[in-house]
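Let me begin by presenting the structure, written as structure tokens, before commenting on it.
Because only heavy atoms are used, hydrogens play no part in the values below, and waters and symmetry mates are left out as well, while side chains stay in. Values in this document were obtained by computation on a predicted structure and should not be read as measured data. Chain A is the first sequence line, chain B the second, and so forth, proteins listed ahead of strands; every chain is numbered from 1.
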There are 2 protein chains.
Amino acid sequence: MVAGPLRIARAGREKPPSQSGESHVIRVFRTLELLASGPHTAAEIAGALGVNRSTALRLLTEIEQLGYVLRDPITKSYAIAPARFYPFISSHADDLDWSAVVDPVLLELREAFGEATVMGVPANGTMVYLAFFPSSHIITVRERLGTTRPMHCSALGKAYLSALDDRSLDGELASLNYQGGSPLAAQGPIELRRRLEETRKRGYAIDRNETIDGMSCVAIPVRISGTLIGAIGLSGPSLRISETRIAEMGKRLLQVAPRLGGTLR
Amino acid sequence: MVAGPLRIARAGREKPPSQSGESHVIRVFRTLELLASGPHTAAEIAGALGVNRSTALRLLTEIEQLGYVLRDPITKSYAIAPARFYPFISSHADDLDWSAVVDPVLLELREAFGEATVMGVPANGTMVYLAFFPSSHIITVRERLGTTRPMHCSALGKAYLSALDDRSLDGELASLNYQGGSPLAAQGPIELRRRLEETRKRGYAIDRNETIDGMSCVAIPVRISGTLIGAIGLSGPSLRISETRIAEMGKRLLQVAPRLGGTLR
DNA sequence: TTTCACAGTTGCTCCATGCGCAACTATCTT
DNA sequence: AAGATAGTTGCGCATGGAGCAACTGTGAAA
């Protein structure tokens, strides 16, 4: 008897099918990350977090009151408030002031090859673009500041990894998740390790359609006053970047490397 | 009897003298804001948040695992992981691509006066520097990207406010908190409103020792394709920036204003 | 060497936070 | 007028997590 109500009651008490039980802290950052990829409605956030709609609303409202997200009253959607995050990015960004050293090199490289040049640093198993100079070509890869790329397949990532000492490298290799690359990407630590050995021999890192099919990139690590901080590279559509072009770019990178302490090993 | 234990028990149950009872969301962002001002130990964070040491540790550990703060094992302190916040700043930063328009103007102005030039946008009742070109002088104001300045006394803030229509302005004026300026700053909406009228007449905003004693700044608003997005200005030590110098700067700003739709009204 | 101070960890208890729910309002669209 | 969707709110319960205290680990002082 009373099958109906009982079923409802059961359904109500069961934890919703999603991965619930996440801490508040995780929810906050998951929300920010979701919004960083573009505006979303409260309902979408609720779905992604696996929480009740009212819970998501309460969360979003609270973050909005703190000013870190903005609500667009017209689309009824929520978006990141980019300006509020600037104070976080400049914390010790100028302790090691790389931009004065790196920017001229990036501009020069873009000049030489006409392709986009980028500078990235490691963050949480990915490489984050801290500087980005777009290509002068019309057809180009859509990138921007703050773009993140997987460590294990991007040229920037591999350049950075190559420059680590073996001890740190082993730790890194073990903690990477090897997701998010194309089928050409290394699928695990052993294969990646092998490719990094090649990279070290070669002196520069190559990503040919590994991160995104149709995109190629060449990179070397960057050291500022001896400290490894990230990598720089040239990036563009594979159509324009032939094997020989890659070699030219690599050669040029090796030439500029001494100016930013960026040789491997 | 048992006075000792009882006293301890009482003390334990009483809410600590601080402003406790804050939500988790607020704690997360308060923590980030604290760390943005420089590295802190867990104990310091605990004190600032008014929570138990172990609570702060658990919070910091959790955020650290997400990669948004870094722990320095040597100083045993926690700091912001700046790179992780880059993805948040570029969300729609290039939807309205101001840097291509604004940067050349800022460089030109710095060239002309030898003082630092900045571009800022409103965020949560403050102005945040999104671009900053340092002065060529040795003695200069220490600023950087991501610096925030109060709306009601900084030149950038007043330039921005001046450009609002009266309706929006009234809302803004009411919600500002009029803290954080020098004694010269407007202390409330009425006085600020009066000064903004002057600013509108003049065409550019002036901050003479209002935000920080010894610092002066001149600014005008910026509109990109008709949309008010912020303000640009010249900034430097008051010692070098006389009244007549301010007038020269203002005049020059009014000259470049059309190039970035930055006239008042 | 011992001692001390402090960072970080953990098991325990207990309670307030805040979650899900559902009913409601407010808009806007059809 | 009806429907869809965003946002709000009161309620009751469960549980996340706060505080506490005892513990370990480490580095500096004595």
Could I get a table of every N or O pair under 3.5 Å where one atom is in the protein and the other is in nucleotides 5-9 of chain D?
from: D:dG7; atom 1: OP1; to: A:Arg71; atom 2: NH1; distance (Å): 2.3
from: D:dG7; atom 1: OP1; to: A:Tyr78; atom 2: OH; distance (Å): 3.2
from: D:dG7; atom 1: OP2; to: A:Tyr78; atom 2: OH; distance (Å): 3.3
from: D:dG7; atom 1: N7; to: A:Arg53; atom 2: NH1; distance (Å): 2.8
from: D:dG7; atom 1: O6; to: A:Arg53; atom 2: NH2; distance (Å): 3.2

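- Going from atom CG of A:Leu49 over to atom C1' of C:dG18 covers 15 Å, rounded to whole Å.
- Between B:Glu33 and B:Arg30 there is no salt bridge, since no side-chain nitrogen of the basic residue lies less than 4.0 Å from a carboxylate oxygen of the acidic one.
- Contacts of A:Asp72 classified as salt bridge (charged side-chain N to carboxylate O under 4.0 Å, His left out), with partners at least two apart in sequence or in another chain: none.
- A distance of 13.0 Å separates CG in B:Leu161 from CZ in B:Arg195, rounded to the nearest 0.5 Å.
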Residues 56-67 of chain A, side-chain donor-acceptor partners within the protein, below 3.5 Å, at least two apart:
from: A:Arg58; atom 1: NH2; to: A:Ser54; atom 2: OG; distance (Å): 3.4
from: A:Thr61; atom 1: OG1; to: A:Leu57; atom 2: O; distance (Å): 2.5
from: A:Glu62; atom 1: OE2; to: B:Ser23; atom 2: OG; distance (Å): 2.2

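- Atom pair B:Glu44:CD and C:dC6:P shows a separation of 12 Å (rounding to whole Å applied).
- Rounded to an integer number of Å, the gap from CD1 of B:Ile26 to P of C:dA16 is 19 Å.
- Distance A:His24 NE2 to C:dT17 C1': 7 Å, rounded to the nearest Å.
- Separating the CD atom of B:Gln65 from the C1' atom of C:dG8 is a distance of 13 Å, rounded to the nearest angstrom.
- Centroid-to-centroid, the aromatic rings of A:Tyr68 and B:Phe29 come within less than 6.0 Å.
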Point to revise | From CA spacing to verdict: side chain to side chain contact (heavy atoms under 4.5 Å, CB included), A:Leu35, A:Tyr78 | key: CA-CA 7 Å; A:Leu35 295 180; A:Tyr78 295 80; 4.2 Å; yes
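- Atom C1' of nucleotide D:dT15 and atom CZ of A:Arg27 are separated by 12 Å, given to the nearest angstrom.
- Between B:Asn52 atom CG and C:dT13 atom P the separation is 18 Å, expressed in whole Å.
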